[in-house]
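Only a predicted model underlies this, so the values are computations on that prediction, with no experimental measurement involved. A note on names: the letters A, B, ... follow the listed sequences, proteins ahead of strands, and every chain is numbered from 1.
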2 protein chains.
Amino acid sequence: MDLNEQQQPPQKRNTTQMMIAHGVNLTKQRRIIADVLFERNQHVTADQLFDLVKQTGSRVSKATVYNTLGLFTRKGLVREIFIDASRTFYDSNNSHHHHFYNVDTGDLIDIKDRLAPHFIEQDLPEGTSMDIVDLVVRVKNIKS
Amino acid sequence: MDLNEQQQPPQKRNTTQMMIAHGVNLTKQRRIIADVLFERNQHVTADQLFDLVKQTGSRVSKATVYNTLGLFTRKGLVREIFIDASRTFYDSNNSHHHHFYNVDTGDLIDIKDRLAPHFIEQDLPEGTSMDIVDLVVRVKNIKS
DNA sequence: CTGTTGCTTAGAATAGTTCTAAAAATAATT
DNA sequence: AATTATTTTTAGAACTATTCTAAGCAACAG
């Protein structure tokens, strides 16, 4: 299962600046996590990210990976994508876009933002047909 | 948290016919579950449904509630809505529509189908503002 | 230094869901 | 009807993703 298929070219980002810009305090672990996460646009689970970090030789606890992903989400650095009850992905591409999820392969693929929803049907990934479209508009109470 | 707010009027459906029409074998437990689930349009978790069934005096195991919801989903009688890693709702309204989810209250509210996506913003529930729109288009491999 | 605050950690706890293996119900076949 | 096969249900165990807990550590302020 390919989690990393992306239409956009990989782009090296300045993770330190990103964190500062979003009001995230810098720590050793957060730098390590951010460097791995933002190395390229990708969709990863907390567990996959934990492994990716391990592969760099750095040691960060799983709790910190969860904490950091939660923090990054609250600060708007990443987006959570809930595919099903046991599949939460974190999208390191924080630009405005949506996703194709292939129920057969597990592939999660970006939908280019310019695609109007009614044109999606004509732009499905090769060899796939539409299954279910689930649009969840999350709203929040206006604080008074 | 009100899970049951619906725009459409409650409608008593013939659950036996629904199951037959969708190729679901009839059993005592499935009838009980279907009667509770389709009594009105609602969004329920497996656990909530288990409790609702219990309240009718009938006794159905939790495993059967899960099995039956899985079966009903595969057969197209209900739709799963994944709000987050620990919130899977089953929507007993199987007509084509989407949802507003209020992150503050937990309310899950139908979006009338006629609403074009770009008009959603002008039609948010009272006292709420847009938070996150997550559109996941599920596709499946074309079997050859 | 010393206290305060925030961060990280390992492991325990939690919660939703799936699995297992056996019993029960139902359907099919003789 | 009796027997066999198939499907369904069940209780509880197992599993898995995530959160919690409580202790230790790091950074910084006074």
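Under the 4.5 Å side-chain criterion, counting only non-hydrogen atoms from C-beta, A/Phe82 is not in contact with B/Asp134. At a threshold of 4.5 Å between non-hydrogen side-chain atoms, the residues A/Asp107 and A/Phe100 do not count as touching. Looking at heavy atoms from C-beta onward, A/Tyr101 lies out of side-chain contact with A/Asp131 at the 4.5 angstrom threshold. No side-chain heavy atom of B/Val24 sits under 4.5 Å from any side-chain heavy atom of B/Met18. The closest side-chain heavy-atom distance from A/Leu49 to A/Tyr90 is not below 4.5 Å.
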*asked:* Applying side-chain contact (heavy atoms from CB on, under 4.5 Å) to B/Glu39 and B/Leu52, what does each step give before you reach the verdict?
replied: CA-CA 11 Å; B/Glu39 190 182 342; B/Leu52 287 173; over 6 Å; no
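The outermost nucleotides of DNA chain D lying under 4.0 Å from heavy atoms of chain B, listed 5' to 3', are D/dT7 to D/dT18.
What separates OH of A/Tyr66 from P of C/dA13 is a distance of 18 Å, to the nearest Å. Atom pair A/Lys62:NZ and C/dT9:P shows a separation of 13 Å (rounding to whole Å applied). Atom NZ of A/Lys54 is separated from atom C1' of C/dA10 by 14 Å (rounded to the nearest Å). Per the geometry, OH belonging to B/Tyr90 stands 9 Å off C1' belonging to C/dT17, to the nearest Å. Look at NZ on A/Lys75: it is 13 Å from C1' on C/dG6, rounded to the nearest Å.
Between B/Ser86 and C/dG16 there is no side-chain polar atom (N or O) within less than 4.0 angstrom of OP1 or OP2.
A heavy-atom distance below 4.0 Å to DNA chain C is reached by these residues of residues 17-33 of chain A, ordered by number: A/Asn25, A/Thr27, A/Gln29, A/Arg30.
Of the two residues near DNA chain C, B/Ala46 and A/Leu71, the one whose nearest nucleotide lies more 5' is A/Leu71.
The aromatic rings of B/His43 and B/His97 sit tilted, their planes meeting at an angle between 30° and 60°.
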